[in-house]
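What follows is one structure encoded as structure tokens, with my remarks underneath.
Convention: sequence-line order gives letters A, B, ...; per-chain numbering from 1.
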Amino acid sequence: MKKSSMLKVEGVSVSYGPVRALENISIEVDRREIVALIGANGAGKTTLLKAILGVQKVQSGKVLFLGDDITNSSTDKVANMGLGLIPEGHLVFSTMTVLENLQLGAYHNPQDFNDNLENVFESFPVLRKRIHQTAGTLSGGEQQMLSIARTLMSKPELVMVDELSLGLAPKVVSEIFDILGDLNNKGYTILLAEQNAKKTLEFANRAYVMETGRVVLQGLTQELMSHPEVRRAYLGSNV
Amino acid sequence: MSPVLYYFLSFTGINILMCWSLYLPYRVGQLHYLTVACMLASAYFSGFAAREWSWPFALIVVVGILIGILICLIPSFAIGDAPCFTVVIIGLTIIFILKTAVENSPALGGTIGFFGIPQVNHLLPLTYLLVVYAGAVIYRIDHSRLGRAASVVFVDKNTAAALGIDVKRLGMFFQVAAGALAGLAGTLYAFLIGGLFPEFFNLGVIGTLMCMLFAGGHTTMWGVIVSVPILEGMQLLLPSAIASWRQVIYALTLIVIVLVLPGGLVTKRMLLRLKGKVSGGISKCNN
Amino acid sequence: MEIFAAQLLNGLSLGSMYVLLVLGFNLMLLVAKIIQFAYPHLVVLSMYVCWGVLRHTDNMLLVVLASVASCIVVNVAIEPIFRLLAKRHGLDINVSFVVSMSMALLITDVMSHLLNYGYPIAFPTEWVGKSIFSSGLIAFSAGQAYALFGGIAAVAAFFYLLYRTRQGRVLRAISENSLLSSIIGIPIIKTRVLSYAIAGLLGGLTAVMFARLLGSASPGLGDFVGMKVVAASILAGLGNLKGGLVCGLLLGIAESMAIGYLAGSWSNAIAFMMMLVIMLIKPEGLFGIEA
Amino acid sequence: MMGKHTKSFAGLLIMAVLLVCLAGSSLGAPSAAVVDQWEIPFLNCLTGPIASIGEYMAWSAHRAAYEINQKGGIKGKPVKIVDYDTGVSPEKAVEQMARIVNKSLVSLGPVPEACIMAAMPLAVRQGLFSMTASTTYEYSTQFFPWTLSWYPPTDKHLAPAAAAWAKEQPKMKKVIQFVEKWACWPSMADAHADGLASVGVETFTVEVPTDAVTFGPLVVRALAQKPDGFMFTCTSEKVAKIIIELEKYGWKDKSKILIFSSADDMPLYTTGRDSLNGCYIYAYFDGAKETPRWKTFKENYKKDHGGLDPTSLSTIYYDCVYMIKRAIEETDVTGDPKKLKAERIMIRDYIRNMQDFDGIQMAWSMKDGIPSDKGSFLFVIENGIKKCVTYVEAWK
């Protein structure tokens, strides 16, 4: 085990009633890495993220975060330890203002609220303009930015992003990927679950390929991009 | 037959009908207390028709059922797919309005009550004949396309709509069927007791029926067949020293059952298992 | 005109009580996702606590504290039952309705068996107070003043808490999306318990004001008020706080006007009839469901 | 998965065992050929919001039984009151009546009107004399001869009482009557109005909604009609609350208020207190008149009810038990189950025409199930105590 390992998932299985959603999954994320989970809809990416965060009950296996066992811990405790999830579908508290959303994000980290707010506004200048606007009135892209910003307000050690590009225009997606890249440069560790394999593989350092609840391939993204199976199934190439 | 047994069996039959009439709309997630209003209307109609017009019993039963259907049909155009609690309030409201109407009708005895409904011979076997018939119809409904569609609606209306189920029409169907059952129960009730009083139809009735439905199990029609006789019998058998705590015992029973056995005493899974065991047993014998 | 003004005043003081009850009821509906039908019954129970304390002391502060404390304690004490219920059934408000109806029955029976031999309790005459203002048919008692102004203060404090404080933000977040709230690290169970406590606090205050307004209480009071609270909440749209505010007040005024102007037993029937029409036209309630 | 079903089956099993145990305990008792005690069932409302009323009715019946047993019972055998709870549910009333209807000599109750309506037809069919003494003539008369009326016909005794009050207050021309539409109260209100009309007082009705929480609006409405006085035909607690509201709206002359007999109940006094001073009320006996029996009754009642006084409704079933005692002693009733049918009729016929019954407070006679010489008393309330103003004879 490397010293800098931040998140370690060991042989996790999850069932929804009689249906097995995850089968013996093991992944690892190191400090300052960008790791991607790719796979089709229903491959189990979201379930895995939920299982890590304790939203979804794990039947067997172990989840270690910063060396602590967090398997089936309560979600708020895990979030408090520094695990931030940016959920699928750019979810925001739509009846509340942008500022209130950000304040909620800082629930566990209220001490240097103003500094954090400044940092976040630096990355997302558009939010500063909308600070007193109700979150429900923002555009899809802005909501996604708010969702990310809200997560950053808690200064997480690890940022998990679920389906970043879903329902957003390609241009906005590129913009947000750029911002995530910046964040990584600033020291954030990122775990990314995406259907959009091409873009993700270009962006991440390492990736796990998931199919029907199992990890079928893993490795550095450059290697994976040249893997014939990946090229056929995910990159739309005939070769 | 001893009067205790006679009334125990009769009320059990009537309450099973009433519980079923709550059970059916609950298949699509609605607590349809309007059925108590149907019961009230058809009970008063039956009493009146029997005493004043001397109608034959069979005709009264038919018209009583029609009255139940009518009372449920009209609002169902608006609340066929309404949220559960809208249905609750509309039910309570109509009960209240009908009660006020009865209280202000001297012909129905007003607040004093309606006396002297003539007796009918063989009421008990007739009751059970009708209960069995109603049960068979409900069984058919439950195991038809309608029953399966209702199960989907119960879990999620949007999914149901996406699957092409007409949620409103389905809700209307179950509400009207419930009205028919309640109308039948009301007629039998009037003839069984022989007198009516507006206060007969109040929150307490709803509470008792809910207790019976949820204790028995709201996921199948069979639950109430177990819970109604038990709860009816309990009150007869409680020693008089604790009789005054009967309500408390009822309430606690319900809370405990709902907490410990979420589906009630009889659940769908249990039935499936039972079925499996029986058929398994048979196949073993054959081997 | 004089009669109308008099009835309006009556309606407002009664309405402010309904508003408080509807708010507490809606808060638990929004945050804990339950229908707490027994909430008005709990408030009546707290009125009994007031009455009990008053027999030993006439220190107003002690009475209020006892009322509030008892309502919070009981309301928080039943939270685990609903939590277990949610664990077993998922967040099914229908089942919570069934269970809380049983609780209401329990509370009523405890009051009618054990407390004051089941007789109605009466609060000291000074509590209700004589008219502090009177001209012709318009009269305003100290009790009404407490109910009206106390009610306004409590509602203002409640909305301040909800819209201007950190805890209030958290409560609103859970009511909007509890899954998202837990993902960003908000402790759900702790906050739900908090919502029971706040509803208990409101209930305890309501009990004191109700005691001053009515001057007495009986075991059946919870049922009388309970139906109206649920009706107002549904009419507004379940869990709609601002709608509940409007409908609670309207209910109080409508009730006063109906009794004041319409023929006896038909007055409530007409009120119900109006409600029926509204519900048939707008099944989601006047202001829409927020739960 | 196994667990869930096991639990369900276990639940069913526990319920079944419970049921069998209970059945054993209550049905298993062997019945002796000739009774060694007089068992009198009492169908009463012991649960729900009005359980307090049922409680004191039961208390008074048990009190009478206790006294009788202290003095050697009836014909040497002790008497035992057995309580059957009906709540306010018609269904329970019928089922409880069904339990006793074939085996009891005579019974007490049922208590609230809903239960009378439901259970009495069964008693009539099976020939059981059941004393529905706590209700008015309208209900009893439907079930004659299988019950008795505790009061004379409504119009015959209510109208004179109301008229007597109007005679005390000669300047009244217009009276508002607060009427709650419940059971026979509307017809009692009509009787009041008739009585007032007979002395030239006009009556206007204001209906009291059963589920009203506050009464200010009602009082404003009544006062707007500028009446000279008020008459109350509604629940005791509501009477008290409306009088308090009247006071708030500046109504000073309490002597212009008359309260009907059914509201002569504890909640009136505990809720109304000082505000009742000077109000008139009519009822069927004079609690201030001391007799030794009434004194012991009162003392014991207070001891068991935290110092609260009994009211005129508290003694009804006490007198009933003594009526049964006298009926058994004066006839050839043996209690032998074989002669049940005949002995039931003996008791019935004796009680229906009992002469000079010595009640706890006064003596009266019955004629065909109706009291023939029972009048009422008009009182003024002073500090929670009723002071008799006049005795009103019922119309013949």
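Counting heavy-atom pairs closer than 4.5 Å to chain D, the top-ranked of the candidates C:Gly222, C:Gly11, C:Pro120 is C:Pro120. With chain C as partner, the option from D:Asp265, D:Leu223, D:Val213, D:Ile53 having the largest number of non-hydrogen pairs under 4.5 angstrom is D:Val213. Of all the listed residues (C:Ala122, C:Ala6, C:Ser13), the one sharing the greatest number of non-hydrogen pairs under 4.5 Å with chain D is C:Ala122. Listed options D:Glu180, D:Glu247, D:Glu237 were ranked by heavy-atom pairs under 4.5 angstrom with chain C; first place goes to D:Glu237.
Here the straight-line distance linking atom CG of C:Asp109 with atom OG1 of D:Thr47 works out to 6.0 Å at 0.5 Å rounding. Atom OG of residue C:Ser216 and atom NZ of residue D:Lys238 lie 11.0 Å apart, to the nearest 0.5 angstrom. For the atom pair C:Tyr119 OH and D:Thr271 OG1, the distance stands at 11.5 Å (nearest 0.5 Å). Rounded to the nearest 0.5 Å, atoms CZ (D:Phe215) and CG (C:Leu214) are 9.0 Å apart.
The two residues D:Leu308 and C:Tyr117 come nearest to each other via the heavy atoms CD1-CD1, 4.4 Å. The shortest heavy-atom contact between C:Pro124 and D:Arg273 is CA-NH1, 3.9 Å. Residue D:Arg221 comes nearest to C:Ile259 through the heavy atom pair NH1-O, 2.7 Å, listed as atom of the first residue, atom of the second, then distance. Between C:Ser112 and D:Ala51, the shortest heavy-atom distance links the atoms OG-CB, 3.9 Å. Considering all non-hydrogen atoms of both residues, C:Ile3 and D:Ala224 come closest at CD1-CB, 3.3 Å.
Residue-environment remark: NZ (C:Lys87) stays at or below the threshold of 12 foreign heavy atoms within 6.0 Å. In the displayed structure, C:Phe97 atom CZ is contacted under 6.0 Å by more than 12 heavy atoms of other residues, nucleotides or ligands. Within a 6.0 Å sphere centred on CG of C:Asp58, heavy atoms belonging to other residues, nucleotides or ligands number 12 at most.
The contact between C:Tyr18 and chain D is made entirely by side chain atoms (from C-beta outward), counting heavy-atom distances below 4.5 Å. Residue C:Leu105: no heavy atom, backbone or side chain, is found under 4.5 Å from chain D. Heavy atoms closer than 4.5 Å to chain D are found in the side chain of C:Leu14, but not in its backbone. Looking at D:Lys248, both its backbone and its side chain come within 4.5 Å of chain C, counting heavy atoms on both sides.
With contacts defined as side-chain heavy-atom distances shorter than 4.5 Å, the pair D:Thr214/C:Gln144 does not qualify. Between D:Thr270 and C:Ile121 there is no side-chain heavy-atom pair separated by less than 4.5 Å.
D:Tyr249 places no side-chain N or O within donor-acceptor distance of the main-chain N or O of C:Ile138, the cut-off being under 3.5 Å. A side-chain donor-acceptor contact under 3.5 Å links C:His113 to the backbone of D:Leu46.
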